[in-house]
Amino acid sequence: MPWTLPEPMLTDTVRSPVLPSRSAAEPKWDGFRAAVSVEGGQVVLRSRRGTLMGPAFPEVVAGAAQLPDATALDGELIVWSADGRLAFEQLQNRLHRRGPAAARAAAQQPAHFVAFDVLRLADADTTDWSYRRRRGHCARRPPTRPPCTNG
């Protein structure tokens with residue numbers, strides 16, 4: 001049976017910022033929830049609702065092409081402003097650009113994929129691994145693989 005990208009785990013509202021034992025939390029990035037997968041040399045970047053976003057973010061696709069084949073990451077697309085803040089408006093402005101316009105936007109306002117979970121690694125389905133083990137694969141990634149950032 002072929003592997004399929006699982007639906008993303010969504011956030012929950014909590015009453016207290018104190019984490020229960022054996023829980024983990026991620027910072028709230030001001031971006032788009034996304035997943036990136038590599039299969040047969042083809043990179044797919046999609047939104048949490050399944051919209052294909054690769055044509056709008058060629059720099060993220062190029063970075064993800066360095067990942068091992070049959071790998072999938074869950075994370076968030078972000079853009080930094082010139083003053084070092086997250087720039088959601090700039091990210092939104094990138095969504096509908098394609099071809100040369102997307103390439104120009106990538107050069108002017110590059111997007112970054114902040115990976116916070118490894119769903120598949122070199123054809124191993126990691127969804128039954130512990131979160132700590134999956135997260136460890138993001139944190140130990142080679143420095144030449146920019147799409148996986150430990151945030």
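In this text the structure is predicted, and so the values were computed from the model without any measurement.
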Restricting to non-hydrogen atoms, name the atom on Ala87 and the atom on Trp80 that form the minimum distance, rounded to 0.1 Å. CB-C, 4.4 Å
When you check the gap from the basic side-chain N to the acidic O, do Arg134 and Asp117 get nearer than 4.0 Å? yes
Within one Ile-Leu-Val-Met-Phe-Trp-Tyr cluster: Leu86 and Val114, side-chain cutoff 4.5 Å: yes
Same cluster for Val44 and Leu67 if Ile/Leu/Val/Met/Phe/Trp/Tyr side chains link at under 4.5 Å? no
How many angstroms lie between CG in Asp74 and CZ in Arg48, if you round to the nearest 0.5 Å? 11.0 Å
Closest heavy-atom pair, Leu73 versus Ala115, reported as atoms and distance to 0.1 Å, is CD1-CB, 4.1 Å
Tell me, do Val36 and Val43 make a side-chain contact under 4.5 Å, heavy atoms counted? yes
Rounded to the nearest 0.5 Å, how far does CZ of Arg33 lie from CZ of Arg49? 12.0 Å
To the nearest 0.5 Å, what is the distance between CH2 on Trp129 and CG on Leu121? 5.5 Å
Report the C-alpha distance between Phe32 and Phe88 in whole Å, list the side-chain angles of each, state the deciding distance to 0.1 Å, and finish with yes or no for ring pair (Phe, Tyr, Trp, His ring centres under 6.0 Å). CA-CA 8 Å; Phe32 295 137; Phe88 186 74; 5.3 Å; yes
Counting distance only, does the side-chain N/O of Thr126 pair as donor-acceptor with the main-chain N or O of Val118 below 3.5 Å? yes
Decide yes or no for Ser37 and Arg120: does some side-chain heavy atom of the first lie under 4.5 Å from some side-chain heavy atom of the second? no
Any side-chain heavy-atom pair from Met53 and Leu95 closer than 4.5 angstrom? yes
What one should report as the nearest heavy-atom pair of Ala34 and Leu45 is CB-CD1, 4.1 Å
Of all heavy-atom pairs between Ala122 and Pro68, which one has the smallest distance, and what is that distance? CB-CB, 4.3 Å
Donor-acceptor check, side chain of Glu76 to backbone of Gly31, threshold 3.5 angstrom: yes or no? yes
Around Gln92, counting heavy atoms of other residues, nucleotides and ligands shown, do more than 12 lie under 6.0 Å from its CD? yes
Could you measure the distance from the CH2 atom of Trp29 to the CZ atom of Phe113? Nearest 0.5 Å is fine. 12.0 Å
For Asp30, is there an ion pair with Arg85 - N to carboxylate O distance below 4.0 angstrom? no
Working note: Leu91 + Ile78, criterion side chain to side chain contact (heavy atoms under 4.5 Å, CB included); need CA distance, chi angles, decisive distance, verdict. CA-CA 7 Å; Leu91 184 66; Ile78 61 169; 5.6 Å; no
Main-chain N/O of Gly41 paired to Asp69 side chain as donor or acceptor, under 3.5 Å: yes
Pair Val60-Leu77, side chain to side chain contact (heavy atoms under 4.5 Å, CB included): steps then yes or no: CA-CA 9 Å; Val60 174; Leu77 276 175; 3.7 Å; yes
Say whether, by atom type as modelled, one donor and one acceptor occur between the side chain of Arg94 and the main chain of Gln109 under 3.5 angstrom. yes
